[in-house]
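Sequence lines set the chain letters: A, B, ... in the order given, protein chains first and strands last, and positions in each chain run from 1.
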Amino acid sequence: MDKEARMEWLVKRVAQEFKTGDVVNLGIGIPTKVANALPDGIKIILQSENGYLGVGPAPEAGREDSDTVNAGGQYATILPGGCSFDSATSFAIIRGGHVDATVLGALQVDEEGNLASWMIPGKIVPGMGGAMDLVVGARRVIIAMEHCAKNGGLKVLKKCTLPLTAAKQVNLIVTDMGVIEVTLNGLRLKEIAPGLTFEEVQACTEAILIKPDKVAV
Amino acid sequence: MDKEARMEWLVKRVAQEFKTGDVVNLGIGIPTKVANALPDGIKIILQSENGYLGVGPAPEAGREDSDTVNAGGQYATILPGGCSFDSATSFAIIRGGHVDATVLGALQVDEEGNLASWMIPGKIVPGMGGAMDLVVGARRVIIAMEHCAKNGGLKVLKKCTLPLTAAKQVNLIVTDMGVIEVTLNGLRLKEIAPGLTFEEVQACTEAILIKPDKVAV
Amino acid sequence: MTKVIGLEEAISKIKNGMTIMVGGFIGCGAPSQLLEEVCRQEVKELTLIANDTGILGDAMSQLIVQHCVSKLIATHIGTNKETGRQMSTGELEVKLVPQGTLVEQIRSAGAGLGGILTPTGIGTIVEEGKQKIVLNGAEYLLELPVRANVALLNAYKADKVGNLVYRRAARNFNPVMAMAADLVIAQVDNIVEIGEIDPDEVMTPSIFVDYIVQKQSQEVTDLG
Amino acid sequence: MTKVIGLEEAISKIKNGMTIMVGGFIGCGAPSQLLEEVCRQEVKELTLIANDTGILGDAMSQLIVQHCVSKLIATHIGTNKETGRQMSTGELEVKLVPQGTLVEQIRSAGAGLGGILTPTGIGTIVEEGKQKIVLNGAEYLLELPVRANVALLNAYKADKVGNLVYRRAARNFNPVMAMAADLVIAQVDNIVEIGEIDPDEVMTPSIFVDYIVQKQSQEVTDLG
C-alpha cells in the first residue's frame, strides 16, 4: 500500500471501533474523517464540544448556517434527534463519562498511555482547547495519527518528551502502520497494516512493542 | 394597635425595604405576604427557588396549572417577562449573589446576626430546604417574624440556642414590635412599632438593644 | 432505536437495595406513575435521593409510607409527617442537606467533578465530618459528588431517542439528576417523533436518558 | 424598564484596565459588533477571558491585533496567529486553561462556589501552582472561580427586560458568562416585547443582563 492507502486504512480501522449508539467526539484533522468511514449499519452519535450532539454532514453550498459550526469552526449540520447546549453542559457530558470514545491526533504517545498533543515549547502553543477534558473524561481514548512525524521523528515513545495533555489515559493508538493497544505491560501491536511486518513497525517505534500473538493484559 | 394591626404593620414595613427592580425571594408564611404590601410604584422581581423568576399572584379558580407552583407547593403564576429554570440555576442565582434580598421567618435570631430557623432537636426537623443557601447567598437577609414565640418565649437573643441556619448573615429583623438592625456593635432598634416604647420592646428581647437615636455603625 | 418501554418493565430494573434519585419538588415534576409502580412492585431497602418526600397521600409520599426506603437524602421533609415519624423511631435513616448543596453534589457526579466548595452550611451542623477549605479568608465546605443507580424523572415532552423538555416549575431537579445515574427512566406526558423537537428546545440531551415511559392520562393537567 | 441602549453608550462603560469576558467559539456566537466598538473606542490594557481569540480578520481577533488586550485567559489561540506572536514577544501575557476547566471556573464565580475539583490537568503543567486534593485515591485539581467586570455576549433573541435565547452552537460560553460579571451587555439579533418569550424558552434569565444592544443587520444570517 502507498501512504494514501495506508491513511485510508487507518481511518477505516478506527471506524471499526464503534457500535451503534456510541457517543463519540472526533478531534480535528484525521479523526474527523472517521465519521465518513463507518461500517454499514453502524450509527454513532457525534458530539461537538462547542455545544451540540448529532453532528451531521457538512451542509450543501448555500445552506450554511453561521450558528452551526463544528469545533474546528467549519460549517456543519445537526441531525434530527440532535440537540444544542452551552459549554458547561458540553463539558459535563465530556468529563462526566457520557462520551463513549474520543478520537484525537497526537504529537507523541508513550507506553504508559501518556499523551502529548497541545504544544511544542518555544515553537507552537495553540492551547489545549477541550483536549485535556476529552482525554480524561471519555471512556475510551483512541489516538489516530501518522506513525511518524513528517520529518521522520518517532512519535510512539518510551516516554513523552513534550508537555502532556493527560497522563495514562490513552487506550488505543491507530496509525498508518498498525493498531497498538496500551496495556499494563506496555504497548501491544494488536494489528499490523497490510503489507508491513512487525519488524518494520518496531523500527519506527521507540517503545518496545509486544507481538500481536501475545495475549493482552 | 392590636396584634393583627401590628402584624400588618410588620408586613408593610418589610415591603418598604425594596426598590424597583430588586430580585427578592420570600420565604413561606409571613414573608409571602410582603408581595401584596409593596408601596405604590415599586415593582420587584420575585424568585421562587423551585425554579422560576417573576412569581405572580395566585391564579384564579379554575386556572390552576399543576406545573406552576411556588416553593411552598401552592398554585402560582409567572408574570410576563418571567422565566423558568432548573434547580442548579436556581441556586446559582441564590448562592451567586444575584438575589438582592431574602425575607425569611425565624425561630431565633441573635445579636451577631446568627439565625436558627430549620429545626428543634427532638421535636420538629422539617429540614433546611433552600434556607441555608438563601441566607448565605442573598445580598440582604431580612427576618420577618413575631417578636416572641406563641408561648411567650424570647426569640431575639444574645446567642441562639437552636442549631443555626447560618452564622452572622442576618442584616435586618422586622417584628411586630419594631425594626432591628444587626450592627457590629450589636442590635440597634431602628424603629419602634406605633404605640410601643423602647422599654416595652427591650422587655421582650434577650439581647441588649441599642436605642434608635444612637448612630448605627 | 426507540427508548419507549412499558411501565412495569421499566421499574423492574430497580432492584432491592439500590440507590434511586427522584425528580420533583413537593410533588411538582415528580414521576408519580413510576413511583406508584415502585410501590406496586414492592421494591425495598432503597436509598432515596430527592428534594423532599412529597405531601402525605401523593405518589412520592407512598414510597415512605410503604417502607420502600431505608435511607433518605433530602432537603426538606416537613410536608410528609410519616417521614419524620419513621426518622424518630429509627425505621428510616435520614440525612438532610441544603438544597443548593444537594443539587451541586448531583451535578458534580454527572459532570465528572470531584466535588465543589460552597459557603452554605459554614457555622452550622452541616459542617460535621466535612473538609473545610479556606480561600482568601473565606471558609468553604468541600461537598462530594452524589450519584445513583437509577434516576426517575418526569418530563412534559420527549422524542423517541430520549431528548426531554420540561415545563415551568416541574423542571427543578430533573435535568440534573438525568446526568448522575447509571440508568435513567423518564415518565413523559407527550412522546413525539425524532426531529419534532428543535435542538434548541431540548433541556436534557437524549444520551442521558435510557428509557421513556408514556404517562397515562388519568389526571387532567390544566395548562390554563 | 427596557434595557435596550445604543452601541456606543454600552461600550463606553468599559474602562481601560478592566477584565472582560467575551462569549463565542472561534467566532460563532461572538458579539462581533460590541467587539468592533471596543476597538473603535480604543479601550486598552484589558484582561480578556474567552475561549479563543477568533480567526485572524474577525472582530474578536481585532481586539488582539489592535492591542486592546494586555492579558489573555483562553483555551485555544491557534486560529489567530497574531496572539501567538504577541505572546512570544511578551507583548501579551497568555494563560491557557482547559476548556472544561475554564467554563467551570466561570460558572463557579456566577454560582457563588469557592471552586471545583476537576481531574482535568492532573499529570500536566496545568497542575502548576494549584492545590491538589486526593479523594478515594483519585487526584483532583482545585480550580478557583473566574469573574469579570464586564461580560460581552451574543444572543439570537431577547425581550426588553433582558431574557436571552441563543441559537444552535452560538450558545457556547454565553450563558455561563452572563452569570459571572458585574456588568453584562448582550448584542441581540431580535428584540421582542416583554411576554413574547415563553418562560421555558429563556436560556439566560433577565436578571443577569444589564444592557441589550440591537445588532445591526449588516450580514445576512442564513437560517437554512
Subject >> Pairs of heavy atoms under 4.5 Å with chain D: top-ranked of G81(B), G21(B), G97(B) >> reply: G81(B)
Under 3.5 Å, which donor-acceptor pairs link chain B and chain D? Put them in a table for me, please.
| from | atom 1 | to | atom 2 | distance (Å) |
| --- | --- | --- | --- | --- |
| G81(B) | O | N163(D) | ND2 | 2.8 |
| S84(B) | N | P199(D) | O | 3.1 |
| S84(B) | OG | P199(D) | O | 3.1 |
| S84(B) | OG | D200(D) | N | 3.4 |
| S84(B) | OG | D200(D) | OD1 | 2.4 |
| R95(B) | NE | A111(D) | O | 2.8 |
| R95(B) | NH2 | A111(D) | O | 3.3 |
| H98(B) | NE2 | G110(D) | O | 2.7 |
| H98(B) | NE2 | M179(D) | O | 3.4 |

Original post:
Given the options V161(D), I207(D), I197(D), which has more heavy-atom pairs under 4.5 Å with chain B than any of the others?
Top reply: I207(D)
**OP:** To the nearest 0.5 Å, tell me how far C83(B) SG sits from L164(D) CG.
**Re:** 10.0 Å
**OP:** In sequence, state the C-alpha distance, the side-chain angles, and the governing distance for F208(D) and I93(B), and then conclude on side-chain contact (heavy atoms from CB on, under 4.5 Å).
**Re:** CA-CA 9 Å; F208(D) 292 142; I93(B) 289 172; 3.5 Å; yes
**OP:** Report the option among A109(D), P145(D), P205(D) that has the most heavy-atom pairs separated by less than 4.5 Å from atoms of chain B.
**Re:** P205(D)
Subject >> Flag if over 12 foreign heavy atoms under 6.0 Å of NZ, K12(B) >> reply: no
